Amino acid sequence: MVSLDFNATVFMQMFHFLLMLVLLRLVVYRPLMNIIEKRQEYVASEIAQAENQRAQAAELRAQMEADLQKARDEAKAIIDRATKASEEQAQEIMEQARADAQRLKEEALADIQREREKAVAQLRNEVASLAVLVASKVVKKGLTIDEQHNLVQEAIKEVGQLH
Amino acid sequence: MAAEYAGKEKTFLEQMHSELNIYGIPRHWDLGEFMGYPIQLNAETIVFTWVAMAVCLLLGWVAVRGADMRRPTKMQACFEMLFDFLRGLINQSMDPKKGAGLFSIVVTFFLFISVMNVLGVVPTYVKPTADIQTTFGFALITLCLIYIWGIKYKGAKYFKHYVSPNPIFLPITIIEDIAKPVTMAFRLFGNMKGKEIMILSLLALITGTGWLAGGFLAGTIWLLFCIFISLIQAFVFTMLTIAFVGGAVSEDH
């Protein structure tokens, strides 16, 4: 059964192999290799694109951060300015209020002084006339005009020393 | 069982073999004479080689059909793995530029021999690789590849390795060159023939009382093991082809 005689089958099998090589190359290897190559190209291009995009993203991010920083600085400046302005305004209002208060106080004091003077004057007159009345009643009998007058003057002086 | 057939003309293996030949394939095809030599073909080998070729093309067609760059089909993925694996082997043993032309030959070797080997597992089928004609034909192709690649990349300098460092080695290197295809052919043939004989022997045991322990169970396990051996032997043949061609083109010879 195990025969080791050679015959034309050897060449037939070699021919079969070569036929198979050509057929498989045409039908299988070439399309599959094309697909593999295409996939490799695709992956390579995707990687290149991804790297590119990453670089772009980094650049964009740096720019964004710079912009953000600028915006923050500006906002800070605005707030500072506003704070300063408001403080100044507050100061101004306080001073205004103080000045107003001072003025009101002075006015009030002046009013009081005026009223007092008015009252003193009125009192002086009333005291004078009352003194004259009292004195005339007391010394109706013997006082001359001059003496009366002197008395009145003394009385006025005393009253003037009252305040 | 063996004793039963021992005295007859046919051995029991031949008996089993002819009983399993349900397709009525003759032993030989005689195709006349060529320059005084008879042209004789082993009919079973040729027929089952055609079957193996059909299976190979079918597998390839399944892989290519619906092949997609983004979502590989299952068979496509298998083929791509095979390609990657064999390309890796080639690139390990020689310059990738030199190995590029060898790639499709090597893939064909592996695919074709695997299919031929595994074909023997199918009941009533005969492995074309269990015929010395097939394995020798393939080994001769490997021998041709060694010479083609050696001459292509080294020119006449390739033949210098026969007489270096000393012409005394010439007989040894010639024997080495003859031994390469012969060992490859006989390794594959021996493995596959042994496999076939085992299958037939185990089948022959499936009669009478001992069929479960002797024939059926062992036969089933053996068939599983056959698939493993088939792939290993196909790989060994492919690997040796790559190694020999790599040795022929390497600079430090």
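Here the structure is a predicted model, which is why all the values come from computation and not from measurement. Each chain gets a letter, A, B and so on, in the order its sequence line appears, and its residues count up from 1.
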Side chain, backbone, both or neither of A:Y42 within contact of chain B (heavy atoms, under 4.5 Å)
side chain
More than 12 heavy atoms of other groups within 6.0 Å of A:E59 CD
no
Looking at CG of B:N42 and OG1 of A:T9, how far apart are the two atoms once the value is rounded to the nearest 0.5 Å?
4.0 Å
Between B:V64 and A:V28, what is the shortest heavy-atom contact and its length?
CG2-CA, 3.7 Å
Checking B:R65 against chain A: side chain, backbone, both or neither under 4.5 Å from a heavy atom?
neither
A:E107, CD: over 12 other non-hydrogen atoms inside 6.0 angstrom:
yes
Measure the CD1-CD distance between B:I132 and A:Q13 for me, rounded to the nearest 0.5 Å.
12.0 Å
Which answer fits B:L111, side chain, backbone, both or neither, if we ask what part of it has an atom under 4.5 Å from a heavy atom of chain A?
side chain
At a heavy-atom separation under 4.5 Å, does B:T134 approach chain A through its side chain, its backbone, both, or neither?
both
NZ-CZ distance between A:K38 and B:R70, expressed to the nearest 0.5 angstrom
10.0 Å
Does the separation of the ring centres of B:F109 and A:F17 fall below 6.0 angstrom?
yes
Of the backbone (N, CA, C, O) and the side chain (C-beta and beyond), which part of A:R25 lies under 4.5 Å from a heavy atom of chain B, both, or neither?
side chain
Between the CD1 atom in A:I36 and the CD atom in B:Q76, the distance rounded to the nearest 0.5 Å is 7.5 Å
Spacing of CE belonging to A:M20 relative to CE belonging to B:M116, to within rounding of 0.5 Å:
8.5 Å
What I'd like to find out is whether the side chain of A:H16 reaches to under 4.5 Å of the side chain of B:P128, using heavy atoms alone.
no
In this structure, are over 12 heavy atoms from other groups packed under 6.0 Å from A:R54 atom CZ?
no
Go through A:N34, A:L19, A:L32 and name the one with the most non-hydrogen pairs under 4.5 angstrom from chain B.
A:L32
Mind checking the CE-CZ spacing from A:M33 to B:F83? Nearest 0.5 Å is all I need.
6.5 Å
